Amino acid sequence: MKEIPKTYSPKDHEDSLYKMWEKSGAFAPDPDPKKKPYSIMMPPPNATGTLHLGHATMLAIEDILIRFKRMQGFSALYLPGTDHAAIATQSVVEKKFQEGGMKNPRETLGREGLLKAIREFVEDSKKTIRGQVRKMGTSCDWSRERYTFSDEMNHAVNTLFKMMYEDGLIYRGGRIVNWDPKMQTTVADDELEYLEEKAPFYTFQYGPFQISTSRPETKFGDKYVVMHPDDKRYKKYKHGDTFECEWINGPVTATIIKDEAVDPAFGTGVMTITPWHDAVDFEIAERHKLDKEQIIDFDGTLLEIAEGFVGMPIQKARPLIVKKLEEKGLLVNIQEDYVHNVAVSYRGKGVVEPQIMKQWFVDVNKPAIDWKGKKLSIKEVLQDTVRSGMIRIVPDRFEKIYFHWIDNLRDWCISRQIWWGHRIPVWYKGKELKVQAENPGKGWTQDGDTLDTWFSSQLWTFSTLGWPEKTPDLLRFAPSSVLETGYDILFFWVARMILGTTYALRKTGFSEEKSIPFKDVYLHGLIRDIRGKKMSKSNPETCIDPLDMIEKYGTDAVRLSLVIGGTPGNDMRLYEEKIAGYRNFVNKIWNGSRFVMLNLDSEDKIDLKKLSRADKWILTRLNEIIEKVTEHLENYRLSEAGLTVYDFFWGEYCDWYLEISKVLKNPAVLKHVLQTSLTLMHPFMPFVTEAIWGALAESEPKKSKMLMTTDWPKPNPKFAFFSEADEMERIMDLIAGIRVLRAEGNVEAAKKIHAIVIAHEDTALVQDKAEVIKRLANLGQLDIHENGKKVEK
RNA sequence: GGGCGCUUAGCUCAGCUGGUUAGAGCAUCUCGUUUACACCGAGAGGGUCGAGGGUUCGAAUCCCCCAGCGCCCACCA
């Protein structure tokens with residue numbers, strides 16, 4: 001027997017074990033067609049930097065699921081990849097240049113130059129990320145690695161765009177969009193963040209009315225006064241009436257508009273509108289076919305309409321405009337410190353200015369998808385997939401949130417004015433327009449815009465398998481079994497995947513059941529620091545870098561700390577002591593195994609006739625543990641599953657059974673329980689378990705299969721020495737005497753049963769009190785209630 | 001304004017469909033180096049399960065109501 005160190009050192013094993021797994025080919029799905037497919041497409045991390053705790057959590061959870069299923073005998077595909085993350089990546093690279101002194105990288109480098117720089121940066125990031133994903137022990141199939149901006153992906157994106165355009169689901173139109181003046185691009189509704197800001201709230205005299213605003217700089221072109229049609233105060237004004245009034249740059253002719261969008265209870269119940277720079281105003285203007293005029297330029301300065309203020313940034317102009325109105329006697333009052341929300345770009349953090357622009361949109365209301373015998377709109381299909389149970393969201397409360405999001409969904413603006421991303425496959429020549437990837441010929445120029453990142457990542461689960469080609473992988477592994485991600489991108493990504501996948505796959509001949517991106521959605525919570533705050537690098541005291549922790553405590557400990565104690569959809573706090581605690585557990589396994597290895601003998605078959613009471617007990621418990629862990633894992637209760645083996649291995653096997661073995665030992669049982677426990681623990685902590693498995697195999701060279709590809713255990717009926725049925729009979733005997741209480745009536749009988757069952761010193765025998773009570777009820781001794789209702793019979 | 005989540009031991013959290021005497025880790029205290037492990041073992045203390053009502057033989061769990069904290073969505077002229 002080799003000298004085994006007393007302390008497990010993760011560093012001495014992890015890299016070589018990972019290499020062994022990778023080399024063995026076991027990360028790839030088993031090609032055996034008899035095996036059922038199981039697939040997870042790894043949500044691709046942005047190729048912009050390094051792995052954080054969110055990624056680590058995702059990888060830990062997915063790898064547990066995939067290892068579990070692989071051991072259960074599925075042909076398990078875990079497909080890795082990275083995301084080009086359009087806006088995020090371009091802004092990171094631009095910032096780098098700016099920090100290096102280049103004021104305007106777009107201007108200095110030009111389109112091709114900047115793209116080249118981004119490409120290099122991304123390739124570098126990808127390398128880093130691949131290394132980090134491996135560090136986590138992730139058992140994904142590297143031979144199938146994908147990237148959202150590869151040529152194959154581009155082909156899929158162009159194909160989808162063309163199909164949707166031809167079906168009228170993609171259109172080009174001048175509509176109001178969110179413009180980020182900082183990044184110089186549009187951003188989607190979901191990519192806005194609202195920050196509370198205190199600003200003065202001004203009320204001005206506008207003809208006979210008083211109107212209020214926190215943004216006087218948008219008011220130059222105001223020539224419509226809107227009020228609710230039922231507002232009695234303004235009954236004498238009719239829709240379409242006009243009047244003359246004095247305004248910022250002289251007299252204007254104003255028109256009265258009656259519209260229900262106005263809340264009569266807010267302020268004076270009257271407002272002027274700025275359709276070019278406000279979504280609600282835009283809708284009012286659309287309804288009544290009103291003029292729209294641009295006031296603010298795309299760089300955030302005022303246009304000619306502002307006359308004396310032209311060219312001024314809005315923040316600078318605001319007080320000056322107020323001053324001018326005050327001098328004209330039109331300022332009624334100022335309410336200081338008025339709280340309102342400012343829309344900020346989620347990525348670039350620039351303050352967003354609504355603008356009317358010609359952009360590309362996805363129509364979410366047009367009935368154009370063949371779905372279960374009807375023509376349905378994108379919105380309707382989105383609803384149906386979840387409502388009909390084709391897709392299940394875990395935890396299910398997020399289904400409500402999902403439906404609510406769909407209710408509020410507007411047409412999706414998919415064009416972006418940045419350069420890093422899939423180019424819009426549209427060409428123009430004069431008034432002509434062609435939708436295709438290739439240049440149609442001389443005189444044609446391509447649309448300069450790129451597509452929203454989510455337009456390409458919505459295709460992730462099936463474009464990665466070769467779509468639009470009907471590859472064997474696509475036919476076998478789509479739809480994927482589960483999508484595991486943080487609840488914070490439910491709308492950004494999860495919903496959009498359902499959108500893109502159902503359309504694309506239905507369109508290319510797949511059945512409804514086959515046209516969903518995934519069957520289950522598992523949403524994990526956010527990792528927070530010990531105080532419950534979001535972790536950020538700006539707070540190094542509580543911010544934890546998963547790679548530092550791996551270095552210090554080993555991957556197995558980090559994986560456990562990210563999974564145990566967490567429940568789907570709920571945030572979890574993480575702190576170093578917790579990781580240290582699981583490091584201790586890893587070491588415990590190491591040492592428990594060391595003890596076993598020191599006590600092995602040549603005979604390793606369990607002889608049922610030579611079992612002590614302790615042997616029988618530990619084998620019975622093992623059966624129960626197998627059953628419980630399997631059931632928890634099947635139902636996405638990862639934390640419960642992990643805790644169950646943890647408690648069993650440490651509390652029962654090590655603290656109790658190993659101690660007994662010092663006096664009365666059965667090496668065969670010792671080894672069997674250890675090996676089975678290692679199997680159960682392997683998905684959670686692949687490294688130690690594999691290392692020990694290998695060490696055990698040294699003594700029996702014929703059985704040298706890797707733990708990773710060993711079969712998942714099943715309870716062994718021969719080891720059920722203390723069956724539940726036996727226990728139940730004993731309990732029934734125990735309480736048989738109470739039957740005489742029947743005559744005394746239900747309540748009294750029940751109370752006495754309660755007291756007796758609880759007070760009996762051998763309560764360990766009472767494994768399932770509920771069952772006892774139910775059986776008593778069947779004997780007519782008491783009523784059973786469930787959810788407040790009496791259960792008949 | 002609408003919705004969701006959380007509130008359980010000093011701290012961080014489990015507790016699946018109501019059913020053994022409400023659990024774990026860390027922390028605290030006592031004892032202990034014995035065929036693995038001090039990153040350990042044996043044991044102890046510590047909880048009216050946020051407040052109040054209800055249903056039930058039985059409630060941390062189900063229902064109602066309230067409070068505090070957090071999050072999401074909509075609106076914000």
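In what follows, every heavy atom counts, from backbone to side chain, and hydrogens, waters and symmetry copies are set aside. The shown structure was predicted, so the numbers you read here are calculated from the model rather than taken from an experiment. Letters go in sequence order (proteins before strands), and every chain restarts at 1.
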Enquirer: May I have the distance from E193(A) (atom CD) to C71(B) (atom C1'), rounded to whole angstrom?
Expert: 13 Å
Enquirer: Specify the separation, in whole Å, of atom CD of E577(A) and atom P of C39(B).
Expert: 15 Å
Enquirer: At under 4.0 Å, does any side-chain N or O of S639(A) touch on OP1 or OP2 of C13(B)?
Expert: no
Enquirer: Could you check whether the rings of Y582(A) and Y646(A) sit parallel, tilted or perpendicular, using 30° and 60° as the cut-offs?
Expert: perpendicular
Enquirer: With a 3.5 Å cut-off and no angle check, do the side chains of Y657(A) and D615(A) form a donor-acceptor pair?
Expert: yes
Enquirer: Between N341(A) (CG) and C73(B) (P), how many Å, whole number?
Expert: 11 Å
Enquirer: May I have the distance from K628(A) (atom NZ) to G15(B) (atom P), rounded to whole angstrom?
Expert: 14 Å
Enquirer: Which part of the nucleic acid does V280(A) contact within heavy-atom distance under 4.0 Å: base, sugar-phosphate only, or nothing?
Expert: sugar-phosphate
Enquirer: OP1 or OP2 of C16(B) less than 4.0 angstrom from a side-chain nitrogen or oxygen of R637(A), does that happen here?
Expert: no
Enquirer: Measuring from the side chain of T567(A) (C-beta onward, heavy atoms only), which nucleotide among C39(B), A14(B), C73(B) has the closest atom?
Expert: A14(B)
Enquirer: Tell me the stems RNA chain B sits in, counting at least three consecutive Watson-Crick or G-U wobble pairs, each under 3.5 Å on both distances.
Expert: B:1-7 with B:67-73, B:10-13 with B:23-26, B:28-32 with B:40-44, B:52-54 with B:62-64
Enquirer: Nearest of C72(B), U12(B), G5(B) to any side-chain atom of Y575(A)?
Expert: U12(B)
Enquirer: With sugar-phosphate meaning primed atoms plus P, OP1 and OP2, does R583(A) contact a base, only sugar-phosphate, or nothing at under 4.0 Å between heavy atoms?
Expert: base
Enquirer: Roughly how many Å is it from CD1 in I564(A) to C1' in A14(B), rounded to a whole number?
Expert: 10 Å
Enquirer: Tell me: OH of Y402(A) to C1' of C71(B), nearest whole Å?
Expert: 21 Å
Enquirer: Looking at K400(A), I'd like to know whether one of its side-chain N or O atoms comes within less than 4.0 Å of OP1 or OP2 on C4(B).
Expert: yes
Enquirer: Centroid-to-centroid, Y234(A) to F209(A), below 6.0 Å?
Expert: yes
Enquirer: Are any of the side-chain nitrogens in E260(A) or R287(A) under 4.0 Å away from the carboxylate oxygens of its partner?
Expert: no
Enquirer: Name the nucleic acid region contacted by D263(A), choosing base, sugar-phosphate or nothing; use a 4.0 angstrom heavy-atom cut-off, strictly under.
Expert: base
Enquirer: Any side-chain donor-acceptor pair under 3.5 Å between D520(A) and Y636(A)?
Expert: yes
Enquirer: Between I530(A) and D647(A), name the one whose nearest nucleotide on RNA chain B is closer to the 5' end.
Expert: I530(A)
Enquirer: Could you work out the separation of U17(B) and G2(B) based on their P atoms and round it to a whole Å?
Expert: 29 Å
Enquirer: When you measure from the side chain of R397(A), which nucleotide among A14(B), C4(B), C76(B) comes out closest?
Expert: C4(B)
Enquirer: Where do P395(A) and P568(A) come nearest, in terms of heavy atoms and distance?
Expert: CG-O, 3.6 Å
Enquirer: Can you measure R573(A) atom CZ to U7(B) atom P for me and round it to whole angstrom units?
Expert: 11 Å
Enquirer: Mind checking whether H340(A) and F201(A) have ring centres under 6.0 Å apart?
Expert: no
Enquirer: Work out how far the P atom of U48(B) is from that of A9(B), and round it to whole angstrom.
Expert: 9 Å
Enquirer: Nearest nucleotide by nearest heavy atom, which residue falls closer to the 5' end of RNA chain B, D190(A) or T213(A)?
Expert: D190(A)
Enquirer: Think W650(A) has a side-chain N or O under 4.0 angstrom from the OP1 or OP2 of A24(B)?
Expert: no
Enquirer: Whole-Å distance between G25(B) P and K578(A) NZ?
Expert: 14 Å
Enquirer: With a 4.0 Å cut-off, would you call R621(A) and E624(A) a salt bridge?
Expert: yes
Enquirer: Which parts of nucleotides 31-38 of chain B does protein reach within less than 4.0 Å, heavy atoms only, written one letter per nucleotide 5' to 3' as B for base, S for sugar-phosphate only and - for none?
Expert: ----BBB-
Enquirer: Students often get this wrong, so: under 4.0 angstrom with heavy atoms, is Y338(A) touching a base, only sugar-phosphate, or nothing?
Expert: sugar-phosphate
Enquirer: Between the side-chain atoms of N408(A) and the base atoms of C73(B), is any donor-acceptor pair under 3.5 Å?
Expert: no
